[in-house]
Number of protein chains: 4
Amino acid sequence: MEARDAADITASDLESFYRSVRSQSERLCECLEIEDYGLQSMDDASPIKWHLAHTTWFFEVFVLKVFADAHVAINPLYEYLFNSYYNGVGEAYPRPKRGHLSRPTVADVYAYRRHVDTAMEQLIAGAPEMAIRERVELGLHHEQQHQELMLTDLKHHFAQNPLFPSYRDDVLEPELAGVGDMAFIGHSGGIVDIGAQDGFAFDNECPRHPVMLQPFELANRMVSNGEYLQFVQAGGYQSPPLWLSDGWAIVQAQQWQSPLYWLHQNDEWFEYRLDGLHCLDLNLPVTHVSAYEAAAYAAWAGARLPTEFEWEAVADAWQPKEASKACFLESGHFHPGSVEMVTARAEGDVDAEVNGDRSSLMQGLHGQLWQWTSSSYTPYPGYRPLSGTLGEYNGKFMSSQLVLRGGSVATPRMHLRNSYRNFFYPPDRWQFSGVRLARDA
Amino acid sequence: MEARDAADITASDLESFYRSVRSQSERLCECLEIEDYGLQSMDDASPIKWHLAHTTWFFEVFVLKVFADAHVAINPLYEYLFNSYYNGVGEAYPRPKRGHLSRPTVADVYAYRRHVDTAMEQLIAGAPEMAIRERVELGLHHEQQHQELMLTDLKHHFAQNPLFPSYRDDVLEPELAGVGDMAFIGHSGGIVDIGAQDGFAFDNECPRHPVMLQPFELANRMVSNGEYLQFVQAGGYQSPPLWLSDGWAIVQAQQWQSPLYWLHQNDEWFEYRLDGLHCLDLNLPVTHVSAYEAAAYAAWAGARLPTEFEWEAVADAWQPKEASKACFLESGHFHPGSVEMVTARAEGDVDAEVNGDRSSLMQGLHGQLWQWTSSSYTPYPGYRPLSGTLGEYNGKFMSSQLVLRGGSVATPRMHLRNSYRNFFYPPDRWQFSGVRLARDA
Amino acid sequence: MEARDAADITASDLESFYRSVRSQSERLCECLEIEDYGLQSMDDASPIKWHLAHTTWFFEVFVLKVFADAHVAINPLYEYLFNSYYNGVGEAYPRPKRGHLSRPTVADVYAYRRHVDTAMEQLIAGAPEMAIRERVELGLHHEQQHQELMLTDLKHHFAQNPLFPSYRDDVLEPELAGVGDMAFIGHSGGIVDIGAQDGFAFDNECPRHPVMLQPFELANRMVSNGEYLQFVQAGGYQSPPLWLSDGWAIVQAQQWQSPLYWLHQNDEWFEYRLDGLHCLDLNLPVTHVSAYEAAAYAAWAGARLPTEFEWEAVADAWQPKEASKACFLESGHFHPGSVEMVTARAEGDVDAEVNGDRSSLMQGLHGQLWQWTSSSYTPYPGYRPLSGTLGEYNGKFMSSQLVLRGGSVATPRMHLRNSYRNFFYPPDRWQFSGVRLARDA
Amino acid sequence: MEARDAADITASDLESFYRSVRSQSERLCECLEIEDYGLQSMDDASPIKWHLAHTTWFFEVFVLKVFADAHVAINPLYEYLFNSYYNGVGEAYPRPKRGHLSRPTVADVYAYRRHVDTAMEQLIAGAPEMAIRERVELGLHHEQQHQELMLTDLKHHFAQNPLFPSYRDDVLEPELAGVGDMAFIGHSGGIVDIGAQDGFAFDNECPRHPVMLQPFELANRMVSNGEYLQFVQAGGYQSPPLWLSDGWAIVQAQQWQSPLYWLHQNDEWFEYRLDGLHCLDLNLPVTHVSAYEAAAYAAWAGARLPTEFEWEAVADAWQPKEASKACFLESGHFHPGSVEMVTARAEGDVDAEVNGDRSSLMQGLHGQLWQWTSSSYTPYPGYRPLSGTLGEYNGKFMSSQLVLRGGSVATPRMHLRNSYRNFFYPPDRWQFSGVRLARDA
């Protein structure tokens with residue numbers, strides 16, 4: 001976290017920010033059954049109940065325990081139970097067993113949230129010093145990250161169930177539009193500045209620094225289900241030359257035949273979405289693919305994945321026109337819309353849309369789907385992790401993971417920025433991850 | 001199942017038997033939180049919700065579907081979801097993923113039970129033919145087996161939780177008594193009859209047949225925690241010569257140091273019981289040991305485990321004096337009492353008890369704890385599995401498992417009989433399994 | 001080991017026995033390439049070089065180290081390197097890594113054998129006391145066991161090689177004969193004596209004791225490749241109801257489709273034998289099947305496997321007529337002959353053979369193939385393991401294994417007797433193991 | 001491969017190059033026992049025999065099969081047996097089972113080499129076209145890569161053996177010298193050119209392109225055993241904050257306590273080198289560490305690993321002074337010398353050495369040990385893999401691996417260049433891999 005902004009946040013702003021984020025987490029759960037809160041379908045995906053408790057734990061351990069002497073823990077074992085991976089805090093309850101805890105109950109966890117909220121709101125109301133404000137702000141961005149995970153983890157949990165439960169009944173249908181041909185938009189390369197600018201940013205986005213780029217082109221939209229289906233039907237999952245060696249190994253070991261939530265039954269293709277099973281819509285962007293699948297598709301299409309620097313350079317160039325109406329968590333869709341939808345709705349581009357020529361528009365850079373890049377998640381030159389135990393927040397994960405950019409339909413809108421670096425292992429598929437192609441100029 | 005008795009059951013008896021068993025299952029759950037129903041802490045242990053549904057499924061698939069034409073399933077997918085292992089019925093939802101199903105909810109499962117109960121009670125009330133009565137009776141014994149598993153599975157689920165939840169607050173304390181020295185009571189061997197006699201029995205107890213025994217002795221009581229602790233403290237878990245080769249391999253691989261639910265903290269020993277964590281009571285019988293641990297203890301004590309035939313011969317000899325007050329599920333203890341308690345309370349033995357000479361009394365043969373035998377679970381000469389798909393009930397498990405005898409504090413009283421053969425793999429520890437020694441005469 | 005006979009062996013007999021067994025091991029290697037000695041294709045199968053060294057180690061550790069004060073080890077690390085599983089001797093080099101030792105070289109190992117042979121022959125020549133003679137005799141029977149393993153392990157090693165190497169070029173073709181229908185020969189049951197009689201026996205065959213049998217029938221010959229192929233072609237490997245539950249799990253996990261060394265190519269069936277790949281001969285007995293496959297075949301054929309007691313009772317009844325010309329290691333065939341061959345050649349049965357009515361002849365009880373029984377490998381009543389470290393020889397393996405009877409084409413003739421109990425885990429397939437059916441009378 | 005140079009190679013040059021490389025491979029084996037050729041101690045390390053055959057296979061499949069119509073394969077199955085990973089050529093014999101092939105024998109493999117050499121030399125002698133010359137050159141660089149692997153694989157094989165065999169008796173002792181304090185030498189950053197220049201290069205080094213660097217400093221020598229031992233003794237392997245998260249997971253899972261070939265016995269440290277077990281020499285550079293260990297050490301020392309671009313920029317700057325006498329394969333040491341040795345022997349630096357002030361000298365950049373960088377192995381902008389099946393040579397491995405630079409004591413001298421990118425997974429430790437520190441300026 002760079003603290004450049006916390007100085008500017010008033011206590012009242014912070015209070016409202018706190019309340020808004022905390023209540024957002026709970027609103028995401030309002031349609032759940034008690035039974036849903038405890039599911040853990042794989043080691044990587046935590047129970048909803050755990051997310052609600054862990055984000056609370058973060059405030060208790062890193063704020064109240066440090067800055068609020070009078071705070072008394074509801075249960076001292078929670079410090080152990082809801083630690084994620086902070087060795088500096090102490091041992092953590094094993095991640096793969098998070099789903100084995102029926103107690104504390106859901107009601108207990110909400111009581112835990114109330115207990116910590118009360119103490120936090122008191123602390124914030126007291127015009128706290130900058131160090132506290134910074135920690136609170138970090139804790140809120142942390143909770144926003146978990147809001148996305150709550151949706152993607154829950155989707156994975158539900159997908160194991162042959163009844164294909166619906167997360168909620170009021171999910172909005174993704175907006176549809178015809179899909180035009182994919183076009184590539186050029187960038188001349190050269191030296192570009194990369195990394196965090198004003199406002200809050202995580203340590204991994206810092207420091208801003210110049211990077212040299214070669215000329216390249218970026219696709220004007222994401223790859224669609226229809227395009228990806230062609231790859232599937234052309235035998236993409238049976239063609240080793242298209243795959244990275246590690247990717248091909250996992251295709252064989254896990255018998256991958258399609259994206260994670262596609263289903264092939266009686267010669268028809270279906271897709272599980274958060275509101276249940278649907279016929280595969282060819283106009284929607286393909287999602288829940290691993291980096292290996294993204295790269296194999298790119299190879300098949302005669303292209304490649306962009307680097308994270310290429311992506312950021314384009315985003316910086318297009319931002320004013322593009323980002324304003326992107327489809328984030330607050331949209332209520334919970335599934336990405338048409339590959340062409342986003343820019344089409346951008347106000348500044350009405351003319352282009354009316355004229356029907358959208359090939360020169362950069363569409364869907366933000367929101368909708370995280371976009372795999374070919375860039376390893378490594379420190380920027382001069383990178384410094386946060387001091388103390390919070391230094392474990394980001395830095396220790398800079399190994400064997402790839403960067404994704406752009407945010408998704410499950411990302412809180414204000415959580416995202418052009419310099420934001422999300423990161424997952426190349427085989428991971430349970431995030432809202434899609435494919436945007438690039439190529440050398 | 002031998003159907004020798006179903007002929008004698010009136011419709012009204014059957015109705016009352018049905019209601020009693022079905023309500024027993026639900027009474028076992030009356031103190032659970034909704035969250036507890038879905039836990040699955042290992043592949044071998046199923047969620048409580050699954051047990052409630054599967055026992056219902058058994059009646060739906062093997063009775064209603066066959067004999068009640070008008071019966072309509074609540075949800076056709078339940079046939080797949082709640083199949084345990086009957087390949088003849090169709091594919092089964094994978095066992096290790098039973099804990100991944102938040103839907104149907106607990107309320108849905110109770111509704112499923114009501115739906116099937118209504119149809120079953122109607123069928124039973126109609127004075128059904130013998131084939132139906134036999135199936136119903138089998139289904140009820142089947143549900144009793146799952147009642148025991150509900151308790152042992154739940155204990156395993158709860159034991160993963162560092163909060164060590166209590167199953168219910170009204171658990172009775174185990175009755176305690178001083179522990180006298182273990183004595184061995186002789187049996188002269190010769191030809192004994194083994195296997196099911198009158199009344200209901202599973203196919204695996206049949207046919208009754210003669211077996212030749214050599215003279216032997218059986219311990220008059222179970223091994224106590226105190227005795228087992230001596231084995232632990234004497235380095236039992238570090239002495240390969242005491243162990244079967246496969247047992248030693250698992251001791252090393254899984255770092256076993258004590259019985260499953262023992263805990264060693266700050267130089268004190270604790271034991272998790274269904275009502276929470278307790279100091280280890282040295283007078284109680286040792287429980288939750290594998291057959292490997294039972295055999296290693298026996299080797300250390302200069303004895304061996306009995307065969308299942310030795311056990312049954314002794315049980316047949318002692319039954320009138322011994323079984324009447326054994327501690328079964330209905331006792332409300334949910335943990336075995338003193339190693340000496342059971343016989344001490346038997347009416348016919350008052351004198352012996354008063355005189356303080358209990359070394360000639362065979363104590364605790366029934367109830368309290370399953371007793372590992374050295375006998376492999378194999379078919380009796382002339383064994384015939386049930387016909388059709390129900391033939392999968394027992395026969396296909398006759399490989400690599402050992403027989404346990406006697407029933408436990410989690411076994412419904414009327415479920416047990418001298419010829420009853422329980423069976424688990426030698427490394428299994430999550431049942432209420434203890435150690436009774438034997439030796440050659 | 002029961003020492004009932006060592007008393008009767010003269011020093012000169014023992015010397016000749018020693019030389020004969022030791023040279024037999026080396027003769028088995030005379031056609032090997034240096035490269036062949038080091039292969040280890042799975043954890044269970046050791047390199048030939050290791051067998052040659054370990055059998056030598058046995059004499060060094062259990063005889064010379066105890067009884068020959070002046071003996072000096074060639075290399076003190078050999079005690080660790082060539083220990084198999086005797087915890088009492090000390091730690092053993094890990095079994096799965098036996099193939100990782102290029103040194104000592106083959107020449108070194110032969111030098112080790114010479115070194116120990118010299119000391120042993122000196123000891124034996126000195127008219128040693130009974131305790132020594134017993135140990136030597138045990139060591140020789142131990143080496144005979146390893147002679148069989150050398151052949152079965154080597155077969156497994158070679159079978160991994162797509163070149164399908166031939167063990168030696170002078171292998172005799174298996175003798176062929178027409179296969180008549182399988183017949184069952186009855187036994188009236190009752191009390192039979194089981195276990196070791198006169199002469200050397202391992203501890204696990206003792207003590208001889210009475211067992212009660214029900215009337216049964218035993219097949220007059222082994223199951224043939226042709227019969228087993230019918231089972232394969234009838235979908236035996238796709239029919240769960242035929243299989244024990246554990247067996248079905250392994251069929252699916254390891255994709256078993258046929259016996260271990262069968263190969264299906266271009267619609268033709270082949271079988272790897274020690275002298276290379278052959279077309280599958282339908283008249284030969286099926287071999288290299290697991291106990292699960294044996295039991296599934298039996299279920300499909302409406303029969304079952306015999307118990308080890310049934311087998312021994314029959315063998316004791318037929319021995320005079322049957323055993324004299326059985327096909328053991330010394331025959332030079334290295335693959336079992338026709339299912340009907342053995343008895344046909346027995347002298348006393350010429351008439352039956354001439355008359356063409358062989359259905360009343362018990363054929364192939366000894367030699368050719370080990371016959372899976374349904375009996376778990378458990379101690380006989382009154383069993384006592386050898387004292388001291390040698391107690392680990394047999395007793396600690398009495399868990400989860402099944403008994404096989406009869407010896408095979410890889411067993412030294414004088415190693416076998418009616419009471420001999422071989423034992424392997426039910427999934428094991430790399431021994432010369434076949435199927436003889438039984439059924440209730 | 002960039003073909004910029006093949007044009008300049010005369011047939012006679014190529015012939016001599018061919019002979020020199022091919023005979024080098026065989027010279028590396030001249031002290032081996034037959035038994036050594038077949039060892040495979042882990043999936044990643046192949047038998048020596050396999051290396052000898054596979055490098056030959058490369059010429060047969062990619063040169064003779066394409067360009068020499070008359071060439072007849074010795075054994076058509078070799079194409080399958082000795083394929084490494086070229087899916088385009090066909091299926092490959094499974095890598096983990098390469099050690100299971102005793103046939104072809106060592107003599108057979110040498111005959112295979114002769115057979116292919118004869119055909120190759122004939123082809124080369126015929127003044128072949130450029131396309132052939134390029135393939136031959138690639139095959140020779142390919143064989144040089146395998147020469148390094150032969151040594152590192154053999155070291156791993158031998159290290160499993162408690163006898164700690166010596167690879168050869170004529171290994172030269174590493175040259176020793178006192179170790180001065182480590183110093184850091186600055187680089188001003190800016191735009192530098194990265195990638196292949198004149199001469200042969202692999203495709204992964206191309207195209208040369210500009211990269212922007214921030215100012216940084218690079219250590220003037222490798223980390224020594226003595227320095228690393230301090231890290232070990234300070235509890236480095238027990239301190240999670242020093243480790244990347246994936247690294248800490250493997251430290252725990254595999255119980256790492258020190259570099260791969262260190263041994264701690266009776267309070268003394270030893271190191272296995274190719275000529276046997278030695279006391280740990282504190283002046284030698286630490287070797288056989290994973291990237292995780294390298295990074296943890298760097299964190300402990302308040303530094304970081306260099307990027308591959310930083311390394312190359314420094315190497316380009318120092319090359320004339322530094323590389324001339326680096327310690328490569330031909331040196332006959334088979335173990336890296338003193339951390340200060342290399343530059344000390346460079347002719348141009350005599351003065352500095354004499355004066356004893358070596359802190360301004362960049363030492364040991366080339367030869368001795370591969371140096372882990374923090375750079376992921378990813379394609380350079382504009383990267384194009386070789387066409388056809390040879391495109392699998394490098395490109396498909398650009399996932400989850402890190403780049404190492406500089407060459408080692410096992411690298412043929414002429415194989416190395418400043419732009420050379422070696423790559424391994426971060427947990428890999430069996431290469432001659434060491435640590436050079438960097439830090440931000």
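So you know, we letter chains A, B, ... as the sequences are listed, proteins then strands, and number each from 1. These numbers were taken from a predicted model, which means no experiment stands behind them.
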> Is the count of non-hydrogen atoms from other residues, nucleotides or ligands lying under 6.0 Å from C:Gln254 atom CD greater than 12?
Replying inline: yes
> Non-hydrogen atoms of chain C under 4.5 Å away: do they reach the side chain of B:Pro241, the backbone, both or neither?
Replying inline: neither
> Ion pair present between B:Asp440 and B:Arg304, side-chain N to carboxylate O less than 4.0 angstrom?
Replying inline: yes
> Angle class for the B:Tyr93/B:Tyr80 ring planes (parallel below 30°, perpendicular above 60°, tilted otherwise)?
Replying inline: perpendicular
> Considering only heavy atoms, which portion of C:Tyr292 lies under 4.5 Å from any heavy atom of chain B: side chain, backbone, both, or neither?
Replying inline: side chain
> Of the listed residues (C:Pro381, C:Pro215, C:Pro240), which shares the most heavy-atom pairs with chain B below a 4.5 Å separation?
Replying inline: C:Pro240
> So is C:Arg436 actually on top of C:Trp372's ring, under 6.0 Å and inside 45° of the axis?
Replying inline: no
> Is the backbone of C:Arg429 close enough, under 3.5 Å, to the side chain of C:His288 for a donor and an acceptor to pair up by distance?
Replying inline: yes
> Given a strict heavy-atom distance threshold of 4.5 Å, which part of B:Gln214 is in contact with chain C: side chain, backbone, both, or neither?
Replying inline: side chain
> What part of B:Thr378 is in contact with chain C, defined as an atom under 4.5 angstrom from a non-hydrogen atom: side chain, backbone, both or neither?
Replying inline: side chain
> Who among C:Ala299, C:Pro426, C:Ser399, C:Gly395 has the most heavy-atom pairs with chain B under 4.5 Å?
Replying inline: C:Ser399
> Which answer fits B:Leu213, side chain, backbone, both or neither, if we ask what part of it has an atom under 4.5 Å from a heavy atom of chain C?
Replying inline: neither
>> Under 6.0 Å between ring centres: does that hold for B:Phe82 and B:His54?
In response: no
> Cationic tip of B:Arg439 within the cone over B:Phe184's six-membered ring, i.e. under 6.0 Å and within 45° of the normal?
Replying inline: yes
> Could C:Arg421 and C:Glu205 be called an ion pair, given the rule that one side-chain N must be under 4.0 Å from one carboxylate O?
Replying inline: no
>> Which atoms of B:Tyr425 are under 4.5 Å from chain C, going by heavy atoms: the side chain, the backbone, both sets, or neither?
In response: side chain
> Which atoms of C:Leu402 come close to chain B, meaning under 4.5 Å heavy atom to heavy atom: side chain ones, backbone ones, both, or neither?
Replying inline: neither
>> I need the residue from B:Gln401, B:Lys396, B:Glu392 with the largest number of non-hydrogen atom pairs under 4.5 Å to chain C.
In response: B:Lys396
> Given the options B:Pro210, B:Ser374, B:Ser400, which has more heavy-atom pairs under 4.5 Å with chain C than any of the others?
Replying inline: B:Pro210
